[in-house]
There are 2 protein chains.
Amino acid sequence: MTRALQGHPAVRDETRRKVEAAARRLDYRPDHIARALVTRTSSTVGMLIPSSVDSFWGEVAAGIEEAASEANYSVLFANSHSQPERERRMIEVFLAQRVAGIIIAGAAGESASWFCGEEPDVPVVIVNWDAAFPARFVPIVRTGSPQRVLKAVRAATETDASFSQIVFDDLGGAQQVVRHLVSLGHERIAFVGAEPIRPSLLRVLGFRSALLEAGLPLGAIVSSPRSPEGGFQATQDLLTSPPDDLPTAIVAYDDATAIGVIRAVHAHGIDVPGAMSVIGFDDIEMAAFSEPPLTTIRQPRREMGRMAMASILSSIRGESAQRSSVLPGELVLRRSTGPPPGR
Amino acid sequence: MTRALQGHPAVRDETRRKVEAAARRLDYRPDHIARALVTRTSSTVGMLIPSSVDSFWGEVAAGIEEAASEANYSVLFANSHSQPERERRMIEVFLAQRVAGIIIAGAAGESASWFCGEEPDVPVVIVNWDAAFPARFVPIVRTGSPQRVLKAVRAATETDASFSQIVFDDLGGAQQVVRHLVSLGHERIAFVGAEPIRPSLLRVLGFRSALLEAGLPLGAIVSSPRSPEGGFQATQDLLTSPPDDLPTAIVAYDDATAIGVIRAVHAHGIDVPGAMSVIGFDDIEMAAFSEPPLTTIRQPRREMGRMAMASILSSIRGESAQRSSVLPGELVLRRSTGPPPGR
DNA sequence: TTGTACGCGTTATCAG
DNA sequence: CTGATAACGCGTACAA
C-alpha cells in the first residue's frame with residue numbers, strides 16, 4: 001500500500017512490483033484530499049495577484065507556478081483587483097483550503113487585516129507591496145523631506161515578523177533612470193504618473209534624490225493613473241506649460257504610462273528621442289515594440305515569482321528563510337532616450 | 001454543528017445563535033479538505049492555460065476566476081506552455097486534487113491523451129482549442145480545398161461527447177477583416193502569420209474564402225511566429241517582393257504580429273494607413289496604443305472565461321449544458337486601416 | 001518485512 | 001428538532 005508506492009526503504013522489491021501492478025490495473029490515483037486531511041498540510045499554495053490581465057503579474061505568476069510545479073506543489077489562484085476587501089476574503093478562502101503557504105503579490109491592503117490580527121499558521125510571503133496611501137500623501141512625496149516619505153512608506157508596509165518579502169528596489173531603479181538621463185546631458189526632467197501607492201512614492205523619491213545628487217532643479221511631478229490613457233492625458237497637460245519650462249526628458253511611472261506619454265509627445269509634433277527623451281519602468285513585453293522602443297528598467301519578474309515560491313518551500317521545510325530581499329533592476333537601453341536637443 | 005452554520009431549515013434560532021457564538025469564539029473555520037473528503041467533491045476547479053504571461057489568456061483566466069469566485073469556487077491554476085506533455089501531467093494533478101471540473105484553454109495536444117482514453121468523471125470544457133498540426137499542413141491551408149482544410153481541423157480537434165467547448169469564430173472573424181478591407185477598396189491583400197495551429201488554419205481559410213467571395217485574387221500568405229518579432233521579420237521579407245506585387249493591405253494573424261508588421265512597414269518608409277493598411281486580431285490592450293492604433297477583431301476573452309466556468313457549474317448541477325458555443329468577434333475600427341493609395 | 005487498527009474534520013444518517 | 005455515530009481515503013504507529 002502506501003509504503004510500496006512511496007518508495008519506503010523497508011519493502012521487498014517483489015512486493016513493491018505486485019502493488020504497483022495492482023495500482024496500475026485499477027488505475028489507482030492517490031487522493032490528495034485524503035492525504036492532506038491526515039498529514040494536516042496540503043501540497044497547495046495560495047497565490048493572490050492584483051490582476052491576471054496585467055502581463056507584469058502574469059509573469060510573476062508564471063514564476064510562482066513554475067517553481068511550485070517543479071516542487072510538486074499546486075497553486076490556487078485569485079485576483080485581488082487591488083481591493084483590500086477582496087484580499088481579505090481570498091486569504092480567508094486559502095486558509096479554509098488549508099494551503100501550505102500564501103503568496104500575496106502587489107498587496108493593496110494592510111497586513112494587519114489579513115489574519116484577523118493573529119499570526120498565520122502558514123508561511124506568508126509578500127511580493128512587491130503596492131500598498132495604497134491616502135491621497136494626502138501625494139503632496140508629501142513631491143515636497144516632503146525624504147525622511148518623512150520613507151517613514152510613511154515604512155509605516156504603511158510594516159510587517160509582522162511572520163512575513164517574508166520579495167520586493168523590487170523602486171528607489172534605486174528610479175535613481176538609475178535619472179542618472180542615465182543626466183549622463184546624456186538632460187537638465188530639465190519631469191516625472192509622470194505619481195500616485196499615492198508604495199512603488200510610486202519610492203520611485204518619485206528616487207527621482208528627487210538623484211536630481212538632488214546631480215545638483216539639478218526638481219522638475220514637474222504630475223499624477224496620473226498607471227495606464228497608457230493616464231500617461232497620455234497627463235502629458236497633454238504637461239506640454240501646455242510655457243515652452244521654456246518644457247522638460248527635455250520625461251520619466252514615466254511604468255512602461256504602460258510611458259507608451260501613453262510618447263503618444264502625447266508625438267501628438268504635439270515633438271520627436272522622441274530627438275527633442276524629448278522618454279523612459280519607462282518594468283520592461284514589459286511591449287516596451288521593445290513601441291515606437292521608438294522604450295528605454296526602461298527591467299524588473300526580474302519571473303525570478304521574483306520563483307523566489308517567492310522558494311521562500312515558501314524553505315519555510316515549510318523549517319529552514320529559517322531569508323526574511324526579506326530587495327531586488328535590483330537593470331537599465332535596458334533602447335531608443336526612446338538620447339541627448340537633449342542642441343547637444 | 002453543521003446544520004446550524006449551513007442554515008439548515010430544521011434548527012431552532014436560539015440553538016443556531018449559540019453555535020454561531022461558539023464558532024466565533026474559537027474562530028472556527030470549516031475545513032474544505034475534510035468536507036471534500038466526505039462529500040467526494042471539492043469546490044475547486046482546475047484551469048490550464050498556455051501562458052499567464054500572455055494578456056490574452058490572462059483575461060480568459062480573469063473571467064474564469066471571476067465567475068468561480070462568485071459561485072464560491074476556487075481555481076487551481078497551471079501553465080501548459082502549449083506542451084501536450086505538460087497538459088497531460090497537469091490534468092493528472094488536477095484529477096488527484098479531486099477538482100470538481102477542468103477548464104483547458106488553448107489546448108495544444110489531443111484530447112485522447114488527456115484521460116488515458118477513458119471518460120473523465122468530472123466535467124471538462126475546452127476554451128479555444130489551439131491544437132498544433134504537423135507542419136505539412138501549411139501548404140494545405142494555403143492552397144488546399146476548403147473542404148480538406150476543414151476536415152483536417154475537425155479531425156485534429158474532434159472531441160468526445162464529454163467535452164463542452166467555448167471557441168471563437170476564427171473563420172468568421174477573418175472574413176469580417178477581409179470584407180472591411182474590400183469595402184475600403186483594397187484589391188491586393190496579404191496574410192502574415194500563417195502557422196500550423198488550429199486558429200491560424202481557420203483564419204487563413206476565412207481570409208481565402210472572403211477573397212474568393214469578393215472575386216479578388218489570393219494574396220501572399222506568409223508564415224511567422226506569433227509575436228512582434230515574427231511579424232517584423234516576415235514583413236521585411238514580404239516587402240522585398242517587386243513593387244507592383246506589393247499588397248496595399250496586410251492581415252496579421254493577431255495583434256502582437258500586427259505590431260511587428262507595422263514596425264517593418266514603417267522601417268521601409270511606408271505610411272500606415274496612407275500607403276498600407278494593417279489589421280490585427282484579438283484586440284489586446286496594446287492594440288489601442290500602437291502607432292497608429294490598430295483596427296482589429298475583438299475576441300470576448302473575459303466572457304469566454306465566464307462562460308467556461310458557467311458551463312462547468314451547470315454540469316456539476318447536472319443540467320445538460322450546451323455542448324458547444326462558437327462566439328462571434330466584433331470589428332474594432334481604429335486608425336491602421338484606410339483606403340488604398342490613389343483612392 | 002508486512003498486516004492492521006486508528007484518527008484526521010467533516011457530513012449524512014439514524015435514533016432519540 | 002437534536003445528539004450520537006459511521007464513513008470518506010489516506011498515513012502512521014504498533015503488532016505480528
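To find a chain, count down the sequence lines: A is the first, B the second, and so on, and within it residues start at 1.
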(message) Does C/dG9 have OP1 or OP2 under 4.0 Å away from a side-chain N or O of A/Arg40?
(response) yes
(message) Strictly below 4.0 Å, N to O, side chains only: are B/Glu110 and B/Arg88 in salt-bridge contact?
(response) no
(message) How long is the straight-line distance from CD of B/Glu65 back to CD of B/Glu59, given to the nearest 0.5 Å?
(response) 13.0 Å
(request) Verify the contact: side-chain N or O of A/Arg98 to OP1 or OP2 of C/dG9, cut-off strictly under 4.0 Å; return yes or no. (result) no
Restricting both atoms to N or O, compile the protein contacts to nucleotides 13-16 of chain C shorter than 3.5 Å, with distance only.
unit_1	atom_1	unit_2	atom_2	d
C/dT13	O4	B/Arg3	NH1	3.3

(request) Quickly work out the B/Arg29 CZ to C/dC8 P distance and round it to whole Å. (result) 20 Å
Please list, one pair per line, the donor and acceptor atoms closer than 3.5 Å that link side chains of residues 12-24 of chain B to other protein atoms, with sequence neighbours excluded.
unit_1	atom_1	unit_2	atom_2	d
B/Arg16	NE	B/Ala4	O	3.3
B/Arg16	NH2	B/His8	O	2.8

(request) Would you mind telling me which residue lines up with the more 5' stretch of DNA chain D, B/Val38 or B/Arg12, judged by nearest nucleotide? (result) B/Arg12
(request) Indicate whether OP1 or OP2 belonging to C/dT1 is found under 4.0 Å from a side-chain N or O atom of A/Thr15. (result) no
(message) Whether the B/Gln97 and A/Ser74 side chains hold a donor-acceptor pair (N or O, under 3.5 Å, no angle test) is what I'd like checked.
(response) yes
(message) Which residues in residues 30-37 of chain A have a heavy atom closer than 4.0 Å to any atom of DNA chain D?
(response) A/Pro30, A/Asp31, A/Ala34, A/Arg35
(request) Indicate whether any N or O donor in one side chain lies under 3.5 Å from an N or O acceptor in the other, for A/Gln165 and A/Asn128. (result) no
(request) Please work out which of the three classes, parallel, tilted or perpendicular, describes the rings of B/Trp129 and B/Trp114, given edges at 30° and 60°. (result) parallel
(message) Here's a test of your reading of the structure: between B/Val11 and A/Thr39, which maps to the more 5' nucleotide of DNA chain D?
(response) B/Val11
